Amino acid sequence: MGEAKRAVIRQVKGKAIPLPGDDIDTDRITPARFLKAVTFAGIEAALFCDERENMPDHPVDNPAHKGAKLMFVGKNFGSGSSRESAPQAIQRFGIQALVGVSFADIFAGNSFAIGMPLAAASPENAARLIARAQRHPQTQFVLDLEKLTVSFGGESLPVEMLEDRRKSFLAGTWDMLANLEANLPRVREVAAGLPYVSGFSS
Amino acid sequence: MSERTLYDKVWDSHTVAKLPTGQDQVFIGLHLIHEVTTPQAFDMLKERGLKVAFPERTVATVDHIIPTLIQIRPFEDAQAEEMFAALEKNVGENGIRFMHLSTGRQGIVHVIGPELGLSQPGMTIACGDSHTSTHGAVGALGFGIGTTEVAHVLATQTLALGRLKVRRINVTGGLGPGVFPKDVILRIIHDLGIKGGLGHAYEYGGAVFDKMGMEGRMTVCNMSIEGGARIGYVNPDETTLAYLAGREFAPQGEGFDKAAAYWRSVASEPDAAYDDVFGVEGESIEPMVTWGINPGHSTGISEKLPRLEDFEGEERRTAEQGYAFMGLKPGAPIAGTKIDVAFLGSCTNSRLSDLREGARILKGRKVNPRVKMLVVPGSQRVKEQAESEGLHEVFTEAGAEWRGAGCSMCLGMNADKLVGAERSISSSNRNFIGRQGSPKGRTHLGSPATVAASAVEGCLTDPRGF
Ligand code: SF4
């Protein structure tokens, strides 16, 4: 048994990759031909791979952003397919949280399920964050889930999150698998009480 | 709120705990897996160092990507081969029973579950496939899940679920000749809408279901999801018990008697309470056929296509889109529409009774020379039985192709696909744009009888004349 990870997420600190533009869909994040792959392992290589090929100075490849823990995006990020490859690729690339104007529903649900907080900022503030990360890539940002702010160099901007999801991150209960696993002894009791599990022998 | 229904009883007996999200943690009695939605789930377990908690409660098969013409390994399609190989490896490493091609038990997951007696009344049954509602035909709660949930079941044999409402659907009286279970469910979806079942489990009952055979009940339950209901079921009765007796994985001998008592006990009580009740008169149901781009876009075969004024708001837009895509006109008759392909198969209608009905119509007749007809049994067992009755000869003599078991032309994940703007009459469950493998392909859904009659005539045809 692996240790039941009850990962409390209060803050995400680090550099940020700025990714300006609205309606960045899941096909741009991970092109459709990767959807049929049988594993998520290595999917980070697919992250924006088509546009990176045509754009040598893509923010994801910029060495100044290497090791970033945050990604700043625009409006309706992650629209399109319901497959989990897009948030998986972002997380496996090393990003732990996203801040943007808004996120597509299914993308947001999938991100929650894998423990990657998404925070919404006003269009002006999202633009400021993007500009800051572009001009000063070494800036250390802090997304604080308790205070609902993104702060950097003495400044602090408000963000919003879905309250249920924020609470789950703070309580460390976002990880459904860990929740389910914690009750395994009780699962075995319920199973033992079901006549078909014992082959109707008792 | 519903009370004392099969849904409530089974839910309660399988509930493990209340979760911090407010959902129930529910034990899964039978987990069915196939090649498409599982490899990433096994990966998730591996990454977290977890094992399959109840390997004996999971059963695997291959269906979606399997070629139906040449089933020799390695498959021509490298991606299909990779998915198959990944499943083989995962079931091997985890000690999961695999209904491999060589076992003679392989087939579409929703055909083999009931056929092998794996799916039993009073169980919770989950599979990474939305048509898992099929298994409700035996009086179980069957529902489709996503890949992350597949990982949850593998690791804990449980799922985090919200409780559904229960709608009782009564189909009273009897069905006219040439009217089949497929027509019953198409009519229910027509009346309640493709979103009508959201948040609901459908309990089907009434005289028509009392008289209906198990395979027909499977056809109806299969398409519950097309009406928005994640679960559809029929209470277990004597028909159910007779069906299960002697099936390979059903209890035998004394165990069967004990099981039968339990199975009877899970049926809804006579005084059960439902969230709501809906009724259809069996006599009013005609052979149904779809004309548009979702399973709710349907009409009786002898009727004229609905007028756009009959639709409102967003539904009007989808109807317009449906007419444009399908190349049909409101107010025109649907019968007589020329077809290029006839497909008899899929987890909705590929069982022995479906093939018998198709063969009854095709016997001594010919498939129209313009039409390509594919007959694809749902499992190796179905294929074997059909061949022992000589059905395959009826099909091939009529000019249809007789194939190996698999999902085939229900969706474009294997070599069987529509080409270009071909128009098909199909016994499957989805007429979505692009579903049968061609972005321009046009699908009409109907019963096996309607498929066979249309194949003979070369156009959408009322099977009641056959
Ligand atoms: S036959 Fe069609 S609907 Fe059924 S499991 Fe296969 S692909 Fe899905």
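If you're wondering where the values come from, they're calculated on a predicted model, not measured in any experiment. Side-chain atoms are counted along with the backbone in the values below, which use heavy atoms only and exclude waters and symmetry mates. Order of the sequence lines fixes the chain letters, A, B, ..., with proteins taken first and strands second; residue numbering starts at 1 for each chain.
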Give a yes or no on this: more than 12 heavy atoms of other residues, nucleotides or ligands lie within 6.0 Å of atom [atom1] of [X].
X      : atom1 : answer
B:E314 : CD    : no
A:R10  : CZ    : no
A:K75  : NZ    : no
A:D105 : CG    : no
A:D164 : CG    : no
B:E76  : CD    : no
A:E160 : CD    : no
A:R28  : CZ    : yes

Original post:
Would A:E84 and B:T148 count as a side chain to side chain donor-acceptor pair (under 3.5 Å) if you check the C-alpha gap in whole Å, the side-chain angles of each, and the deciding distance to 0.1 Å?
Top reply: CA-CA 9 Å; A:E84 256 177 61; B:T148 303; 2.4 Å; yes
**OP:** Could you tell me which non-hydrogen atom of B:Q25 sits nearest to which non-hydrogen atom of A:V187, and how far apart they are?
**Re:**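 Result for this residue pair: NE2-CG2, 3.8 Å.
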**OP:** Mind listing the closest non-hydrogen atom pair of B:D43 and A:A41 along with its distance?
**Re:**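 Looking at all heavy atoms of both residues, the closest pair is OD2-N, 4.0 Å.
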**OP:** Quick one: which of A:L177, A:N183, A:V190, A:V197 has the most heavy-atom pairs under 4.5 Å with chain B, could you say?
**Re:**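 Most heavy-atom pairs under 4.5 Å with chain B: A:L177.
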Can you tell me which portion of [X] sits under 4.5 Å from chain A's heavy atoms? Options are side chain, backbone, both or neither.
X     : value
B:L30 : neither
B:T37 : neither
B:E35 : neither

Subject >> Approximate separation, where rounding is to 0.5 Å, of B:T21 OG1 and A:K167 NZ >> reply: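 It is 13.0 Å, given to the nearest 0.5 Å.
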Original post:
What is the distance from atom CD of A:E181 to atom CZ of B:R48, rounded to the nearest 0.5 Å?
Top reply: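 One gets 6.5 Å once the value is rounded to the nearest 0.5 Å.
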**OP:** Please determine which of B:T158, B:T156, B:L19 meets the side-chain contact (heavy atoms from CB on, under 4.5 Å) test together with A:N179.
**Re:**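 The side-chain contact (heavy atoms from CB on, under 4.5 Å) with A:N179 is passed solely by B:L19 among B:T158, B:T156, B:L19.
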Original post:
Is A:R188 close enough and on-axis enough to B:F54, meaning under 6.0 Å and within 45°, for cation-pi?
Top reply: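 The answer is yes, since A:R188 meets both limits relative to B:F54.
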Original post:
Should B:M123 and A:L194 be marked as a side chain to side chain contact (heavy atoms under 4.5 Å, CB included) after you check the CA-CA gap, both sets of side-chain angles, and the distance that decides it?
Top reply: CA-CA 9 Å; B:M123 274 185 175; A:L194 289 165; over 6 Å; no
Original post:
Can you tell if the side chain of A:M176 reaches within under 4.5 Å of the side chain of B:Q23, non-hydrogen atoms only?
Top reply: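 The answer is yes; the side chains approach within 4.5 Å.
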**OP:** State, with a plain yes or no, whether a side-chain heavy atom of A:F200 is found less than 4.5 Å away from one of B:D257.
**Re:**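 SC-SC contact between A:F200 and B:D257 ruled out.
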Original post:
B:Q40 side chain to A:F40 main-chain N or O, any donor-acceptor pair under 3.5 Å?
Top reply: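 Flag not set: sc B:Q40 to bb A:F40 has no pair under 3.5 Å.
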Original post:
Stepwise, does the side chain to side chain contact (heavy atoms under 4.5 Å, CB included) test hold for A:E189 with B:V16?
Top reply: CA-CA 9 Å; A:E189 275 170 39; B:V16 171; over 6 Å; no
**OP:** Measure A:A191 against the heavy atoms of chain B and call it side chain, backbone, both or neither at under 4.5 Å.
**Re:**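 Both parts, backbone and side chain.
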Subject >> Contact winner vs chain A - B:R57, B:Q157, B:E254, B:Q120, heavy-atom pairs under 4.5 Å >> reply: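 Heavy-atom pairs under 4.5 Å are most numerous for B:R57.
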